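Below, read A as the first sequence line, B as the second, and so on, with proteins coming before strands; counting in each chain starts at 1. In this text, all values refer to a predicted model and were calculated from it rather than measured experimentally.
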There are 2 protein chains.
Amino acid sequence: MICSSSLHVSGSGTRNSPSPPSSEASDEPVRKIKASPQLNRWSRARTIRSGRKLDRSTSTESLLTKSGSLPVRSQPEIESLLLPMSPPNNKRDSRSSSSDDEKEGNGGGIPIFILSDGTGWTAEHAVNAALGQFDYCLIDGVCPVNTHLFSGIDDVDKLMEIIKQAAKERAMVVYTLAEPSMAQSAKQACQHWGVASNDILGPLTEAIAGHLGVSPSGLSRWAPERQKTPLSEEYFRRIEAVEFTIKQDDGALPRNLDMADIVLTGVSRTGKTPLSIYLAQKGYKVANVPIVMNVDLPKTLFEVNPEKVFALTINPVVLQSIRRARAKTLGLNGELKSNYCDMAYVKEELEYARKIFAQNPVWPVIEVTAKAIEETAVIVLRLYHDRKNRCSMPRISKRY
Amino acid sequence: MICSSSLHVSGSGTRNSPSPPSSEASDEPVRKIKASPQLNRWSRARTIRSGRKLDRSTSTESLLTKSGSLPVRSQPEIESLLLPMSPPNNKRDSRSSSSDDEKEGNGGGIPIFILSDGTGWTAEHAVNAALGQFDYCLIDGVCPVNTHLFSGIDDVDKLMEIIKQAAKERAMVVYTLAEPSMAQSAKQACQHWGVASNDILGPLTEAIAGHLGVSPSGLSRWAPERQKTPLSEEYFRRIEAVEFTIKQDDGALPRNLDMADIVLTGVSRTGKTPLSIYLAQKGYKVANVPIVMNVDLPKTLFEVNPEKVFALTINPVVLQSIRRARAKTLGLNGELKSNYCDMAYVKEELEYARKIFAQNPVWPVIEVTAKAIEETAVIVLRLYHDRKNRCSMPRISKRY
């Protein structure tokens, strides 16, 4: 169980079945969740299930603003509001069914709470990248980590509830909160409860504001004012790129190669498909053309602008092992499997591809062995932009 | 031209055709670019094209370490090395072909340089999110911004060259540099040249190190030691999820619905495909089933665990406008177009879907109007994890 459901359950039967609106629920403060009516109902039910109302007298509920506004409080005021809370880990919630909530809640991993007033994907991405610095002890399980993403945190009530929970679970808190008073409250609450914390976007936003000479809006993604901002043209371009790319996958519709921004080619299992999709998510229309020994390539591949074609190659030993795993997944029969995965065949097919690449010297040949898709993607895009813009200093430029 | 190619071109003809290795190139210090031999050749050619060698006497080349090691220098030492450079914007490069390099290089936008020793996607993601706080002036073009991503910055030489360029272009610098001495050099150089800067991952990595009680490796993604780390199981799971999801798109292979983690359903243009792909990138196997009026749905949709089915709905006026744009893109003929985009038909089809949803009350109905894919994704995943883990406090948990 990667959660701590036992902490707040107020009674039996309330957790697994959505509670109908009751008189207890009707005086629930108005919450600002942006979702369908169904979701709002879910959210209300969840609030009831959480038993939060029962908590009021001894918790931080006094920080709540029922009007939904987010007042900035002075440090002493915040502190005086925080004081009634029991210090983390010294006194257990008497309703708790387990005395080991923190460990249970995180399956033995060290917890990191990710809080956001938007989706939280930015903070999750940053945490994921930062954890790359601890690969050496994550991989062998020396310090397993559990991240917990809490998105759409749009009022101080929820914010305090989660930070309080972080203190209980001995988690650190990483947050992105656009509203300055929310960010300030998070910082103060974490300090007060001794929770390590990090504001991912605050310092960057401030630096950009200084650079642009304008102020940030301070509006979270879910704020009604932000909702009015129409989805941008660039957004729809990205959606279109994904749809285009899916349709062209695996050599389908070779007649459309000229409509692609980027064409990838290489033998089976060089990662053309996931790379295509990754690039498509960034707004590039991608087509990929598989190279199979003794199968003619579509002539359009040689007719399109060669500057947009990228060839992928890979170490034969690695390719063989990937193909073996693939054949197993697909449940290929012995005969096809031996052909597809046979080392002599693998080498011959790579050599066949190499000759095609040599005949098209404008195509850069990218070695993908041991590279993650994200890494190959940056190489492709650097070359793509470099060729397009002829920069002395290769860069991937984007207009906002 | 979203670059500043004019600054470093040393002579005619060297920019558009790769230069052959020359005696000038052969005493080039060994560079640590990780790429195929082809790319290394490209990189060398680019170095020649950039005319960097000619720069040495008056630039920061003296900061270079030919051994490839990255010594930590004292502040006065760094400053003394930086002093020979001409102050930004006071004295122009005499070889520059334009006196308006900064503006030309950014198409009139305010430049932000993104530097990384890895791919740079984390920093780009953060900058993109932070720029959301300036929507109000970006959208109407009051303060257009140009970001420039420089990835794989793995030596002080390149780092200084780019920061120097940032000073020339009056750009701010946002960076993720794992090697502490590189991050320190970036900070000092930015301070020295009066360039606003922000370290995206440094403070977060430090906070996580404190929380885990272990030290960060300080290795960039491109460091040979990091390269030895095998791609994780989770990485291959993500690739598999993307491949699965593409194959199931648009109701293909309904017999595989039971193998999906998440099944999306809704009428055409509710964003099922891009949402599926977005979720797949996060490691979830997704299938999507389109609802078309008077077309039977696959019976497997009603046989799978209803807790993994998510229904999408949308405002009819918005749907009509999206369908109109779609019909235009597809070049649909008048008859089909009028049916597909006709308001009466759109409403009727949404009502048809609504009835199906009502018959399957376990499926949550998610309203996608005006929501970006990322926002719908977080709603789906929150419900998905909530149902799976029955948490009192809805969270999306992940193990590292």
Side-chain angles (χ1 to χ4, degrees), chain A residues 2-3 5 8 15 36 38 50 110 119 121-122 125-126 129-131 133 135-138 143 145-151 172 196 198 201 204-205 207-208 211-212 214 216-217 227 229 239 242-243 246 249 273-274 277 364-367 374-375 378 389-392 395-400, chain B residues 2-3 5 8 15 36 38 50 110 119 121-122 125-126 129-131 133 135-138 143 145-151 172 196 198 201 204-205 207-208 211-212 214 216-217 229 239 242-243 246 249 273-274 277 364-367 370 374-375 378 389-392 395-400:
Chain A
I2 312 202
C3 66
S5 54
H8 288 283
R15 211 173 65 199
S36 68
Q38 284 86 344
S50 77
I110 301 172
T119 59
W121 299 134
T122 305
H125 193 143
L131 286 174
Q133 284 295 302
D135 270 357
Y136 72 95
C137 74
L138 290 174
C143 59
V145 167
N146 277 99
T147 60
H148 302 277
L149 172 61
F150 300 84
S151 54
M172 79 172 276
N198 186 266
L201 289 182
L204 175 62
T205 305
I208 291 177
H211 184 56
L212 303 185
V214 293
S217 66
Q227 290 289 339
T229 311
I239 300 278
V242 168
E243 290 177 340
I246 288 178
D249 187 46
T273 296
I277 293 295
V365 181
I366 301 174
E367 164 64 70
E374 292 82 351
E375 290 168 299
V378 90
N389 300 319
R390 311 281 178 203
C391 290
S392 60
R395 55 177 81 179
I396 299 169
S397 299
K398 203 169 147 186
R399 182 66 175 259
Y400 287 83
Chain B
I2 313 202
C3 65
S5 54
H8 288 283
R15 210 173 67 200
S36 68
Q38 284 86 344
S50 77
I110 301 172
T119 59
W121 299 133
T122 305
H125 194 142
L131 286 175
Q133 284 295 302
D135 269 356
Y136 72 94
C137 76
L138 290 173
C143 59
V145 167
N146 277 98
T147 61
H148 302 277
L149 172 62
F150 299 85
S151 52
M172 79 172 277
N198 185 265
L201 289 182
L204 175 61
T205 304
I208 292 178
H211 184 54
L212 303 185
V214 293
S217 66
T229 310
I239 301 278
V242 168
E243 290 177 340
I246 288 178
D249 188 46
T273 296
I277 293 295
V365 181
I366 301 173
E367 163 66 70
E374 292 82 351
E375 289 169 300
V378 89
N389 301 318
R390 309 284 177 200
C391 289
S392 60
R395 54 177 81 178
I396 299 170
S397 299
K398 202 168 148 186
R399 181 67 175 257
Y400 287 84

Item checked: Contact summary for A:T122 and B:A126, nearest pair of heavy atoms -> CG2-CA, 3.9 Å
Item checked: Minimal non-hydrogen separation, B:T147 against A:Y400, with atom names -> CG2-CE1, 3.4 Å
Check: Nearest heavy-atom pair of A:F150 and B:R395: which atoms, and what distance?
Finding: CZ-NE, 3.4 Å
Next item on the list: Could you look at B:V145 and say if it's the side chain, the backbone, both or neither that has a heavy atom under 4.5 Å from chain A?
Entry: both
Next item on the list: Compare every heavy atom of B:A130 with every heavy atom of A:T205, then report the nearest pair and how far apart it is.
Entry: OG1-CB, 3.7 Å
Check: chain B: which of A:I239, A:V242, A:T273, A:L204 shares the most heavy-atom pairs with it under 4.5 Å?
Finding: A:L204
Notebook entry, point to check: Rounded to the nearest 0.5 Å, what separation is found between the CG atom of B:L212 and the CG atom of A:L131?
Noted result: 7.0 Å
Check: How far does NE2 of A:H148 sit from CG of B:N389, to the nearest 0.5 angstrom?
Finding: 9.5 Å
Check: Which distance, rounded to the nearest 0.5 Å, do you find between the CD of B:E374 and the OG of A:S151?
Finding: 13.0 Å
Margin query: If you compare all heavy atoms of B:V214 against all heavy atoms of A:Y136, which two are closest, and at what distance to 0.1 Å?
Written below: CB-OH, 3.6 Å
